[in-house]
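What follows is a short report on a single structure.
Computed over heavy atoms, backbone and side chain alike; hydrogens, waters and symmetry mates excluded. All residue numbers in this chain count up from 1 along the given sequence. Note that the structure is a prediction, hence the values are computed from the model and not measured.
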Amino acid sequence: LPVDVVLGLRWRNAETLERLLRALRDPRSPEYGRHLSAAEFERRFAPRARDVAAVVRHLRRAGVRDVTVSPSRVLITASGPAGAVERALG
């Protein structure tokens, strides 16, 4: 039976993101109430495409198939034989 996995990658610039989120909610902050576009958020905080590609390559080399990356590049779903998943995540 195949094993399904979902990997969550870390946001890039996590400390900056935390500060920004606090500022967006603080009425005393000049950033208060501001909204980031999806494109701006992705540009500043999403995992880099090359880092995601390295994870995907690693999974495939281990024998994991059906690898899919979310549009935000934060989630990677994959399916494969238990042995392949164990090799990849071991």
Side-chain angles (χ1 to χ4, degrees):
L1 292 173
V3 174
D4 299 327
V5 294
V6 178
L7 305 175
L9 304 182
R10 294 176 190 248
W11 293 113
R12 200 164 36 92
N13 303 318
E15 288 180 18
T16 301
L17 176 58
E18 285 296 324
R19 282 194 305 274
L20 177 61
L21 291 174
R22 280 194 299 276
L24 294 173
R25 295 185 306 253
D26 181 354
R28 298 166 298 185
S29 168
E31 300 292 325
Y32 178 69
R34 181 172 165 246
H35 298 280
L36 295 179
S37 70
E40 182 181 3
F41 185 87
E42 182 179 311
R43 181 182 55 77
R44 292 177 67 183
F45 302 112
R48 285 185 167 80
R50 69 175 179 254
D51 297 330
V52 174
V55 173
V56 170
R57 258 191 321 276
H58 175 76
L59 290 168
R60 289 189 174 140
R61 284 182 183 151
V64 178
R65 299 292 175 245
D66 300 321
V67 179
T68 304
V69 178
S70 70
S72 68
R73 298 193 307 257
V74 172
L75 298 177
I76 299 175
T77 59
S79 182
V85 172
E86 186 175 358
R87 275 191 305 280
L89 303 179

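Counting heavy-atom neighbours within 6.0 Å of E15 CD, excluding the residue itself, gives a total of 12 or less. Other residues, nucleotides and ligands contribute only 12 or fewer heavy atoms inside 6.0 Å of the CZ atom of R10.
The minimum heavy-atom distance linking P81 with G63 is given by the pair CD-O, 3.9 Å. E42 and P71 make their closest contact through OE1-O, 3.9 Å (heavy atoms, listed as atom of the first residue, atom of the second, distance). The two residues S79 and D4 have their closest heavy-atom pair at OG-OD1, 2.8 Å. Listed here is the closest heavy atom pair of V64 and A78: CG1-CB, 3.5 Å.
Hydrophobic clustering of Ile, Leu, Val, Met, Phe, Trp and Tyr side chains at less than 4.5 Å, counting indirect connections, unites V69 with L89. The hydrophobic cluster containing L24 also contains W11, counting ILVMFWY residues as joined when their side-chain heavy atoms lie under 4.5 angstrom apart, directly or transitively. With hydrophobic clusters built from ILVMFWY side chains whose heavy atoms lie under 4.5 angstrom apart, V52 does not share a cluster with F41.
Atom CZ of R48 and atom CG of L9 lie 13.5 Å apart (nearest 0.5 Å). Note that CG of L59 is 11.5 Å distant from CG of D66, once rounded to the nearest 0.5 Å. The structure places OG1 of T16 at 11.0 Å from CG of L21, a figure rounded to the nearest 0.5 Å. The CZ atom of F45 sits 14.0 Å away from atom OG of S72, with the distance rounded to the nearest 0.5 Å. Once rounded to the nearest 0.5 Å, the distance linking CD of E31 with CG of L20 reads 6.0 Å.
Contact check for V74 versus P47: side-chain heavy atoms found under the 4.5 Å cut-off.
Under a 3.5 Å cut-off, the side chain of R12 and the backbone N or O of R43 do form a donor-acceptor pair. Distance alone, capped at 3.5 Å, is enough to place a donor-acceptor pair between the R65 side chain and the R60 backbone.
Of the residues listed (V55, V5, I76), the one engaging V67 in a side-chain contact (heavy atoms from CB on, under 4.5 Å) is I76, and it is the only one.
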